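Order of listing sets the numbers, starting from 1, for every ligand and every atom in it. Atoms considered below: every heavy atom in the structure, side chains included; atoms not considered: hydrogens, waters and symmetry mates. Every value quoted in this text rests on a predicted model; they were computed, and no experiment measured them.
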Amino acid sequence: MAAIEVGRYAPSPSGRMHLGNLSCCLLAWLSAKSAGGRVVLRIEDLDPVRCPRSFADLLEADLAWLGLSADEGGAKGGPAGSYYQSERSEIYQQFYNRLAAKGLVYPCFCSRSQLHAASAPHRSDGQVIYAGTCRGLTPGEIAEKQKHKSPAWRVIVPDETLCFTDGHMGPYAENLAKDCGDFYLRRADGVFAYQLAVVVDDALMGVTQVVRGADLLSSTPRQLWLYRELGLKAPRFYHMPLLLAADGRRLSKRDGDQSLENLQQRYTPEQLVGRMAYALGLQDTPAPRTPTELLNGFDWNKIPRQDIALPEGLF
Ligand code: GLU
C-alpha cells in the first residue's frame, strides 16, 4: 500500500499572513488533500522575539477561517511532540551533533562587514557566498578568538553539484561549494538555523511533500545535501511562483492591504479562496469557492511557473 501523503504549512509568524503565504497554504492543502493526504502545521518561530506566540495563534485562527485547518500540529500537537520550532532546540542539537561528529562544523567569527566585503560573490538568493575565511582556524586561534566573541557555526559543503527535479519547476541544480558556500547551522546567540531545523522537522514529522514559494528553490540543494548527510528521507518539493503586486513588487507583510486583517473586512472566506484560486490559474473566474470545491480538478499543471502579477483590482 502506498504511504499516505503528508503536506505541511511552515509559516514564520512574524506578522499577519498576506496573500503570498495564504496562497501557499491553499496550494499545500490542495496538493496533499487531492492525493488523499493530510497536512501538518509547524510554526517556524526559531526567532521567538520576531515571532511571538500571539501571532502563531492568530495564524491558526486565520487558517480555520479560510477552511484550511491542519490535521496535525500547531496548538493541537501530535506525535512529533511540539510543532513550535522554538521548543525543539534539543532535537536540532542532536542532529547538529551528528554533523559536528563528522568534522563538518566550524566556528565563524566573521563580522557582518567582513562578510559583505565589496568583492564578495553572491548566491542566486542574494546572500553572500562565504569565502571560507574561518574554515582553517587552528584550535589555538579559535580559543583566542572565543575570548572576545561568540562565534556562529557553519557547515562545510562539498564541491559537488546537487540536482533534483522540482515537482512544479522541473530540474534544478546547484554546486554547493561554488553557488552556495559553507552555510550557517547555528547563530552566535545559539539559535539554530532555518536550513537545519526545516530538514530535521520535515523528516521527523513524516512530511512527504513540501509546497513553498520559489524564493526557497535555491535552498533546496543545501537541504537535500543535509538530508543525505543526516541519513534522513527527503520529501518531494513543489515550488510555487511568487505573487507580485500589480506594479511588479514582491508582496510582503508590510503590504498592509494584502494582509488578512484587511482582506477579512472585504471578503468572505469563499470569496477570498475563489480569488486566490483564480490568480493561481486554478479556475477561470474569481467566483467564490471553498477549498474542498477546488479539489476536483486540482492540477499543478494549471499553475504558472513564472511569478504571478496579481491583476489590478482583484483584491
Ligand atoms: N518559514 C518559511 C517562511 O515562512 C517557509 C519555510 C519552508 O517552507 O521551507 O517563509
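In this structure, Asn296 places its CG atom where only 12 or fewer heavy-atom neighbours from other residues, nucleotides or ligands lie under 6.0 Å away.
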Open item on the list: Please evaluate residues Glu72 and Tyr83 with respect to the criterion side chain to side chain donor-acceptor pair (under 3.5 Å), reporting the C-alpha separation (whole Å), side-chain torsions for both, the decisive distance (0.1 Å), and the verdict.
Closed with: CA-CA 9 Å; Glu72 177 186 317; Tyr83 288 73; 2.5 Å; yes
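Of all the atoms in ligand 1, the ones that sit under 4.0 Å from a non-hydrogen atom of Ser12 are 1 (N), 2 (C), 3 (C), 4 (O). Within ligand 1, counting atoms from 1 as listed, the ones closer than 4.0 Å to a heavy atom of Ala10 are 1 (N), 2 (C), 3 (C), 4 (O), 5 (C). Within ligand 1, counting atoms from 1 as listed, the ones closer than 4.0 Å to a heavy atom of Tyr194 are 6 (C), 7 (C), 9 (O). Annotation for ligand 1: atoms under 4.0 Å from non-hydrogen atoms of Val198 are 9 (O).
Atom 6 (C) of ligand 1 has its nearest heavy-atom neighbour, among Glu44, His239, Gln85, Arg212, in Glu44.
The proximity of Leu216 to ligand 1, defined as any non-hydrogen pair under 4.0 Å, is limited to the side chain. For Arg8, every heavy-atom contact with ligand 1 shorter than 4.0 Å involves the side chain, none the backbone.
Taking 4.0 Å as the cut-off between side-chain N and carboxylate O, Arg123 and Asp179 do not count as a salt-bridged pair. Arg16 and Asp62 are joined by a salt bridge, as a carboxylate oxygen and a charged side-chain nitrogen come within less than 4.0 angstrom of each other.
Counting only N and O atoms by type, the side chains of Gln114 and Ser111 include a donor and acceptor under 3.5 Å apart.
Residues Leu204 and Arg88 have side chains in contact (heavy-atom distance under 4.5 Å, counting atoms from C-beta outward).
Below 3.5 Å of separation, one finds no N or O of Val211 facing any N or O of ligand 1.
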